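Below you'll find the structure, written out as structure tokens, and then a few comments.
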Amino acid sequence: MNLRSSLTALALTLASPALALLLPNAAQLRKDTARYAPVELKADLHGFSKDDQIVLADLIEASRVMDGIFRIQAWGKNGATMDALVKDESPLGRARLHAFLINQGPWSLLDHNAPFLPGVGEKPAEANFYPPDSTKAEVQKWFEALTPAARKVATGFYTTIRRGSDGKLTAVPYSVQYQGALAQASALLKDAAAHTKNASLKKFLETRAAAFLSNDYLVSDVAWMEIDADIDPTIGPYEVYNDEWFNQKAAFESFITLRDAKETDKLAHLSSQLQDIENHLPIPDLMKNPKLGALAPIRVVNEIYAAGDANKGVQTAAFNLPNDERITDEKGTKRVMLRNVQEAKFKTVLMPISKLALSPADQKNVSFDAFFTHILMHELMHGLGPHNITVNGKPTTARAQLEASYSSIEEAKADISGLFAMQYLVDKGVLAKSLQKTMYTTYLASMFRSIRFGTAEAHGKGVAMQLNYFLDHGAVKVGAGGRLTVAQDKIAAVVRGLAQELLTLEGNGDAAGAKKLLDTMGVVRPQVKTILDKLSRVPVDIEPRFTTAHKLLADQGRLP
Ligand code: ZN
């Protein structure tokens, strides 16, 4: 946390000349942007044909179009603001442009959206999805007065709300609102479709190119679920978080990724073990699922380009799409894990954290293989354990029973039962014996990465609870200089005990027990706070440099 965030509230109440005085200068801005450590994001293009490389270059160019649309969606004045910044060659101008590009706008995402440019005011909660002179109440009232069919369009993912010449509100389809840019993106996707030999990829590219023009994304969202190709793009309007009024409007983004064949095989191997793991969970047989349902697809990929909503602030390391319930109700979602992004975060954030938080002997046991295997296991374990349960003779779900505690408990369950499952598979000879030494220590270091983002968030709270449980049960010990050590002889049994506790809370739908565990244990205690304070020097996240993408465009003479 820097000085500016605590001054934000004050700054916003002051008149603009005073506000300008509180804006960060070039040195402060450079310090702020340095919290994102620059990292090259590369991938091996060996074996990709000339045509494949044209497909990739088309997708990267189309992604740049997504950047432009997203900035306009985020704030109406972003285009003009960026044009002015590009022309300002002073040191302050350069520092401001760098911060602007990282945040995709003039507000610092790591500092509670504090403005870093003069005259921009507070970040608008409605972004640019609703008229700047409208209020949430006015738009809400208008929604309610519409016919059901018109309301469905107005509250849908793919329309903006604008004011007509008569001053009345009206819904404008994205295909009209962003017509020029989407026509450009559509043409690039069509060209990519013409150059690929993979039928599933071709189908996605053709249908998405059509969706950009028709505004009907359903068929292309289904085609995206079914991509089975070395080139695995995600491009279009997706997440709704930028619409802080109603969480309805989708922001444009893109992830251009390549399938990681080796990790995809490993994942298939782990998936084949799930029923056996379920059968051996440390809970009574009655709580176990004798026949697990089909697994939602998971892809392990390497990112070569990200744009728009996907390339701002803290970088996405995994995502779950689509959000359209017409598809998810029937087919579930597809989970995509960005392996090289995870690896970049591991090297630039997790390794420095381990040097400050762990004893020298433990630092040697931190490994990326253990880190990534646990991330995969965490995802898989969400599907295991009690979900549909019976309370007082009535069928219900763990989610409904645990209410506000559910997210924290379920995330902690996935973490801890993930470790339990790794131990089970090491003992069984399915996973490498070398993980025995590395998995717990690597996880201990990664816990600090989660708690660092705060215990107000579900995952951070659940991780703080786990760490205190480890400390209280002697599975983690505080050594010289307050650094932590894993008690290798105790940790497996303690993990098993906590897995049992969390799974049982869910199996019984025990809301009071879950709340009590989180209230008493989901806190940052002084010894953990001491370590967190030391971490202020460690980068918070990465700033990707897309070198493979850059080379692809350069090789084809397509750099802008
Ligand atoms: Zn999770």
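For clarity, every value in this text was computed on a predicted model and none was experimentally measured. Order of listing sets the numbers, starting from 1, for every ligand and every atom in it.
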What's within reach of the Zn ion (ligand 1), meaning protein N/O/S atoms under 2.8 Å?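 Under 2.8 Å from the Zn ion (ligand 1) - ignoring waters, which are not counted - the protein N, O or S atoms are H378 NE2, H382 NE2, E411 OE1.
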Are any side-chain N or O atoms of Y158 and backbone N or O atoms of K249, one a donor and one an acceptor, separated by less than 3.5 Å?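 No: the side chain of Y158 does not pair with the backbone of K249.
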Electrostatic pair [X]-[Y], nearest N-O below 4.0 angstrom:
X	Y	answer
D232	R259	no
K312	D67	no
D111	R35	yes

Partners of K331 by side chain to side chain donor-acceptor pair (under 3.5 Å), sequence neighbours excluded? E226
Ring centers of F252, Y238 separated by less than 6.0 Å: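 Between Y238 and F252, which both carry aromatic rings, the centre distance is not below 6.0 Å.
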